[in-house]
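Okay, structure first, notes after.
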Amino acid sequence: HYLTEDMERELLSWLNCMQRNREAKDIIECLIDLGCRVNELLNLEKRFVDFDNNQINFNDRKNDNAVAVPMTNRVKSILRRYYREVKDFDKLFTLNYPELNAIWQKARTDLGYADKKFYTLHLCRHTCASRLVQRGCQLLLVKDWLGHEDIKTTMIYAHLAPKALHSIVGVLND
């Protein structure tokens, strides 16, 4: 499961209407674009954001494999606002997991997804992976982007690229 573009717009619109949820909206947009785990983003310190190289260095990953993930324009724009306000060893965001999850659960209920088990914060990570695959990115690159230790984990997204083989048939036709 992943957020469709309509579902994302609906969620972000809901968060936008709830003024106190501005930081939650920013975090969720970053999660969708970065594909990192929620705690990786919530624990992100200023010193690991590298605007010069347009990347975020995630050093404390689940499998202990550090990865530098490029920032989308949306992520750069969001992080710049928080970056200016904190010191090098400070976390960029002030929300913690229980606070963010409480906001997510309220959105989940208000948007009519209360009975959908898949509609969790981790859905943002699945959304990023799904979009990368749907837009033609190689599975090995998606694996590295997400920080998966084993390609088998990334393969759960392979069905989202049914036309991938069609992209290479020209090599044999030439």
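Below, all heavy atoms of this structure are taken into account, side chains as well, without hydrogens, waters or symmetry copies. If you read the sequence from its start, that first residue is 1, and numbering goes on from there.
A donor-acceptor pair under 3.5 Å is absent between the side-chain atoms of Trp145 and the main chain of Ala68, judged by distance alone. Side-chain N or O atoms of Gln105 include none that pairs as donor or acceptor with a backbone N or O of Ala102 at under 3.5 Å. Remark: the backbone N or O of Met71 is paired with a side-chain donor or acceptor of Asn54 at under 3.5 angstrom. The main-chain N or O of Val86 is found under 3.5 Å from a side-chain atom of Lys46 such that the two form a donor-acceptor pair. Side chain of Arg125 to backbone of Val38: no donor-acceptor contact under 3.5 angstrom is found. Side-chain atoms of Asp150 never come within 3.5 Å of backbone atoms of Thr153 as a donor-acceptor pair (strictly under, hydrogens ignored). When atom types are taken as modelled, the side chain of Thr127 and the backbone of Leu3 share a donor-acceptor pair closer than 3.5 angstrom.
Residues Tyr82 and Ile27 have side chains not in contact (no heavy-atom distance under 4.5 Å, counting atoms from C-beta outward). Lys25 places none of its side-chain heavy atoms less than 4.5 Å from the side chain of Trp14. Phe93 places none of its side-chain heavy atoms less than 4.5 Å from the side chain of Leu100. The side-chain heavy atoms of Cys124 and Ile28, taken from C-beta on, include a pair separated by under 4.5 Å. By the 4.5 Å heavy-atom criterion applied to side chains, Glu10 and Leu111 are counted as neighbours.
Taking CG of Leu132 as the start and NZ of Lys143 as the end, the distance is 14.5 Å to the nearest 0.5 Å. Atoms NZ and NE2, on Lys117 and His1 in that order, are 11.5 Å from each other to the nearest 0.5 Å. In this structure, OG on Ser130 lies 10.5 Å from CZ on Arg135, to the nearest 0.5 angstrom. The line from CG of Leu11 to CG of Asn16 is 10.5 Å long, rounded to the nearest 0.5 Å.
For the residue pair Glu99/Asn101, the side-chain donor-acceptor check at 3.5 Å is not satisfied. With no hydrogens or angles considered, a side-chain donor-acceptor pair links Glu23 and Thr94 at under 3.5 Å.
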side-chain contact (heavy atoms from CB on, under 4.5 Å) between Ile103 and Leu15, worked out
CA-CA 9 Å; Ile103 293 166; Leu15 288 163; 3.7 Å; yes
With side-chain contact (heavy atoms from CB on, under 4.5 Å) as the criterion, how do Leu79 and Cys30 come out once you've worked through the C-alpha distance, each side chain's angles and the decisive distance to 0.1 Å?
CA-CA 9 Å; Leu79 293 189; Cys30 288; 4.1 Å; yes
Verify side-chain contact (heavy atoms from CB on, under 4.5 Å) between Phe58 and Arg37, making sure each step is shown before the conclusion.
CA-CA 10 Å; Phe58 289 108; Arg37 293 172 185 87; over 6 Å; no
Stepwise side-chain contact (heavy atoms from CB on, under 4.5 Å) check, Ile32 with Glu29
CA-CA 5 Å; Ile32 290 168; Glu29 286 179 300; 5.7 Å; no
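Between Leu42 and Leu95, the closest heavy-atom pair is CD2-O, 3.7 Å. Across all their heavy atoms, Tyr119 and Trp104 have their closest contact at O-NE1, 3.1 Å. Closest non-hydrogen pair, Ala66 versus Asn59, comes out as CB-OD1, 3.6 Å. Heavy atoms only, all atoms of each residue included: Asp33 and Cys128 are closest at O-SG, 3.6 Å. Heavy-atom minimum distance, Asn43 versus Lys91: OD1-NZ, 3.0 Å. Minimum interatomic distance between Asn53 and Asp50 (heavy atoms only, all atoms of both residues): ND2-OD2, 2.7 Å.
When the side chains of ILVMFWY residues are joined at heavy-atom separations under 4.5 Å, either directly or via intervening members, Leu141 and Ile156 end up in two distinct hydrophobic clusters. Criterion: ILVMFWY side-chain heavy atoms under 4.5 Å apart, direct or through other members. Under it, Phe118 and Leu121 are part of a common hydrophobic cluster.
Within a 6.0 Å radius of CD in Gln138, other residues, nucleotides and ligands contribute 12 heavy atoms or fewer.
Partner of Ile56 under the side-chain contact (heavy atoms from CB on, under 4.5 Å) criterion, chosen from Val75, Val67, Leu92: Val75.
Not counting sequence neighbours, the partners of Asp26 by the salt bridge (Lys or Arg N to Asp or Glu O under 4.0 Å) test are Arg22, Arg81. Here Tyr157 pairs with His126 under the side chain to side chain donor-acceptor pair (under 3.5 Å) rule; sequence neighbours left out. In this structure Glu45 satisfies the salt bridge (Lys or Arg N to Asp or Glu O under 4.0 Å) test together with Arg47, sequence neighbours excluded.
Judged by the 6.0 Å and 45° rule, Arg131 forms no cation-pi pair with Tyr2.
The pair Asp6-Arg9 meets the salt-bridge criterion, with a side-chain N (NZ, NE, NH1 or NH2) lying under 4.0 Å from an Asp/Glu carboxylate O.
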